[in-house]
Enquirer: 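Here it is, the structure, as structure tokens.
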Amino acid sequence: MVASSPYFIRPATVEDVDAILQLVVALAIYEKAEDSVKATPELYRKNLFETPYAHTLLAFSGTPDAPGKAIGLAMYFFNYSTWTGKPGLYLEDLFVDPACRGQGVGKALFAELGKVAEEKVNNDTDCARIDWQVLKWNQPSIDFYEKTLGATAMTEWMGMRLEGSQIENLRKFRLTSS
């Protein structure tokens, strides 16, 4: 794609699950974690569209009347802050095809996320913030977030995770009924 190539952004539809998966795999390759992708088109169909646990914005080359390939995505869901007492928007993943970077696609995806957050406000639900994580080694993205978007690094927080058997291990802490 050349710098003057048009692109547009729209919410993903169920017909986009293959494109979503292709972009997620490309993101995983960029993050050196290709083997971590376990998602399938069926899982995306079920968990993004049948029971929407998350939402996806897609950027496409071309125009809405003559769309090209998917070149970027922003996958997000709504969370809740006990400190603010308000919902927030959590950006699970943002990815722009490396060949299409520097054309404003990332900024445009964030602009659409801002619009989604503002629409929550207009619906009498004050969306307090947009949160996301970035890998510590990903300096180009960190620079973009801090310098271009004006984001604040949350350096005092450390991400934690339980998966699979670790979740099952929580059973030992269950209260027994009397």
Enquirer: Return the set of residues passing side chain to side chain contact (heavy atoms under 4.5 Å, CB included) with Leu175 (not counting sequence neighbours), or none when no residue passes.
Expert: none
Enquirer: Within this structure, what is the CD-CD distance for the pair Glu168 and Glu163, rounded to the nearest 0.5 Å?
Expert: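 Separation between the atoms: 12.0 Å.
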Enquirer: With the 4.5 Å side-chain cut-off for hydrophobic clustering, are Leu135 and Leu23 part of the same group?
Expert: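 Yes, Leu135 connects to Leu23 through the hydrophobic network.
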Enquirer: Can I get a per-line list of side-chain donor-acceptor pairs under 3.5 Å for residues 142-161, giving both atom names and the distance, sequence neighbours left out?
Expert:
{"unit_1": "Asp143", "atom_1": "OD1", "unit_2": "Gln139", "atom_2": "NE2", "d": "2.7"}

Enquirer: Given 3.5 Å as the limit, does a donor-acceptor pair link the side chain of Thr63 with the main chain of Ala66, or not?
Expert: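 Yes, the answer is positive, given that a donor and an acceptor are paired below the 3.5 Å cut-off.
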Enquirer: What distance do Trp132 atom CH2 and Ser141 atom OG have between them, rounded to the nearest 0.5 Å?
Expert: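 Trp132 atom CH2 to Ser141 atom OG measures 10.5 Å (nearest 0.5 Å).
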Enquirer: Are any side-chain N or O atoms of Lys38 and backbone N or O atoms of Asp35, one a donor and one an acceptor, separated by less than 3.5 Å?
Expert: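 Side chain of Lys38 to backbone of Asp35: a pair is present.
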Enquirer: Assess whether side chain to side chain contact (heavy atoms under 4.5 Å, CB included) is satisfied between Val116 and Phe78, documenting all intermediate values.
Expert: CA-CA 10 Å; Val116 169; Phe78 294 99; 3.7 Å; yes
Enquirer: Using every non-hydrogen atom in the two residues, find where Leu48 and His55 come nearest and quote the distance to one decimal.
Expert: CD2-N, 4.5 Å
Enquirer: Who else is in Tyr90's hydrophobic cluster (ILVMFWY, side-chain heavy atoms under 4.5 Å, direct or via others)?
Expert: Phe77
Enquirer: Side chains of Lys69 and Ile71, heavy atoms from C-beta outward: is any pair under 4.5 Å?
Expert: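 Counting from C-beta outward, Lys69 and Ile71 do come under 4.5 Å.
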Enquirer: State which residues pass side chain to side chain contact (heavy atoms under 4.5 Å, CB included) with Ile167; sequence neighbours excluded, sorted by chain then number.
Expert: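 Ile167 satisfies side chain to side chain contact (heavy atoms under 4.5 Å, CB included) with Leu162 only.
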Enquirer: Who pairs with Asn169 by side chain to side chain contact (heavy atoms under 4.5 Å, CB included), at least two apart in sequence or on another chain?
Expert: Lys172
Enquirer: With a 4.5 Å limit on heavy-atom distance, are the side chains of Tyr76 and Leu109 in contact?
Expert: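 No. Closest side-chain heavy atoms not under 4.5 Å.
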Enquirer: Taking atom types as modelled, find out whether Thr84 and Arg129 have a side-chain donor-acceptor pair closer than 3.5 angstrom.
Expert: no
Enquirer: Distance check, rounded to the nearest 0.5 Å: Arg174 atom CZ versus Arg171 atom CZ?
Expert: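 The CZ atom of Arg174 sits 6.0 Å away from the CZ atom of Arg171.
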Enquirer: Please test Leu89 against Leu113 for side chain to side chain contact (heavy atoms under 4.5 Å, CB included), starting from the C-alpha separation and ending with a verdict.
Expert: CA-CA 8 Å; Leu89 187 151; Leu113 290 169; 4.1 Å; yes
Enquirer: Looking only at heavy atoms, what is the nearest atom pair of Glu31 and Trp137, with distance?
Expert: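 Closest heavy-atom pair between Glu31 and Trp137: CA-CZ2, 3.7 Å.
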Enquirer: Evaluate Leu73 against Leu27 for side chain to side chain contact (heavy atoms under 4.5 Å, CB included), listing each step before the verdict.
Expert: CA-CA 10 Å; Leu73 88 135; Leu27 169 63; 5.8 Å; no
Enquirer: Which pair of heavy atoms, one from Ser61 and one from Phe8, lies closest together, and at what distance?
Expert: O-CE2, 3.9 Å
Enquirer: Check whether any side-chain heavy atom of Met75 lies under 4.5 Å from a side-chain heavy atom of Phe95, and answer yes or no.
Expert: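 A side-chain contact under 4.5 Å is absent here.
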Enquirer: Can you check whether Gly85's main-chain N or O pairs, donor with acceptor, with Tyr80's side chain at less than 3.5 Å?
Expert: yes
Enquirer: Side-chain contact, heavy-atom cut-off 4.5 Å: Gln103 with Val96?
Expert: no
Enquirer: Taking only residues two or more places apart in sequence or in another chain, which ones pass side chain to side chain contact (heavy atoms under 4.5 Å, CB included) with Val25?
Expert: Leu21, Ile29, Glu34, Val37
Enquirer: As an exercise, state the distance from CG of Asp16 to CG of Leu57, rounded to the nearest 0.5 Å.
Expert: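 With rounding to 0.5 Å, CG (Asp16) is 11.0 Å from CG (Leu57).
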Enquirer: Walk me through it: do Tyr44 and Thr56 pass the test side chain to side chain contact (heavy atoms under 4.5 Å, CB included)?
Expert: CA-CA 10 Å; Tyr44 282 148; Thr56 305; over 6 Å; no
Enquirer: To check you understand the geometry: which heavy-atom pair defines the closest contact between Cys127 and Ala117, and what is its length?
Expert: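 Looking at all heavy atoms of both residues, the closest pair is CB-O, 3.4 Å.
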